Amino acid sequence: MTLENHSMAWDWLKLLCLTILATLVFEHSQLDIRISELFYSHGHWLLEKGAQPYAFIFYDLPKALLILLAVYPHSSVNYKI
């Protein structure tokens, strides 16, 4: 096992620790509230729901890309019995 393969074997642990750390920071602090206050003022959100082109850029397009990336690789796999 080379040093490069050894470091790649621990990538999952690094990602898990980062996920746990991010969850603890955002769930048990006021940081998420402070961030949301930047986008909400005077009783209204900075961007209204469904406002174009933002709804397309930040919602519709990523959703379509996720669906394509999830479906396309599996359709090109040749299963042999």
Side-chain angles (χ1 to χ4, degrees):
M1 177 180 272
T2 65
L3 183 60
E4 182 178 314
N5 290 340
H6 182 67
S7 67
M8 290 176 64
W10 290 98
D11 283 345
W12 67 270
L13 184 60
K14 293 174 189 175
L15 289 174
L16 177 65
C17 290
L18 185 62
T19 302
I20 291 170
L21 180 65
T23 301
L24 290 174
V25 166
F26 281 103
E27 289 296 323
H28 300 290
S29 72
Q30 294 294 317
L31 186 59
D32 60 337
I33 302 297
R34 300 283 182 223
I35 292 172
S36 67
E37 286 175 349
L38 295 173
F39 298 99
Y40 189 78
S41 63
H42 307 294
H44 297 285
W45 287 103
L46 182 63
L47 297 174
E48 295 297 326
K49 184 177 181 178
Q52 293 297 336
Y54 305 108
F56 176 74
I57 294 170
F58 296 113
Y59 180 73
D60 296 330
L61 183 64
K63 183 172 72 169
L65 290 175
L66 281 173
I67 292 169
L68 286 174
L69 291 173
V71 172
Y72 180 71
H74 298 297
S75 64
S76 64
V77 174
N78 294 327
Y79 294 104
K80 294 182 182 179
I81 299 177

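These numbers were taken from a predicted model, which means no experiment stands behind them.
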Query raised in the report: Which residues pass the side-chain contact (heavy atoms from CB on, under 4.5 Å) test with Leu24, sequence neighbours left out?
Result: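 Testing Leu24 for side-chain contact (heavy atoms from CB on, under 4.5 Å), a comparison that skips the adjacent residues, returns Ile20, His28.
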Query raised in the report: Looking at residues at least two apart in the chain, or sitting in another chain, which of them share a side-chain contact (heavy atoms from CB on, under 4.5 Å) with Phe56?
Result: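 Listed in chain order: Gln52, Asp60, Leu61.
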Query raised in the report: Can you tell me how far CD1 of Ile57 sits from OH of Tyr54, rounded to the nearest 0.5 angstrom?
Result: 7.5 Å
Name each donor-acceptor pair under 3.5 Å that joins a side chain in residues 31-50 to protein atoms two or more places apart or in another chain, with its distance.
{"unit_1": "Ser36", "atom_1": "OG", "unit_2": "Asp32", "atom_2": "O", "d": "3.4"}
{"unit_1": "Ser36", "atom_1": "OG", "unit_2": "Ile33", "atom_2": "O", "d": "2.9"}
{"unit_1": "Tyr40", "atom_1": "OH", "unit_2": "Gly43", "atom_2": "O", "d": "3.3"}

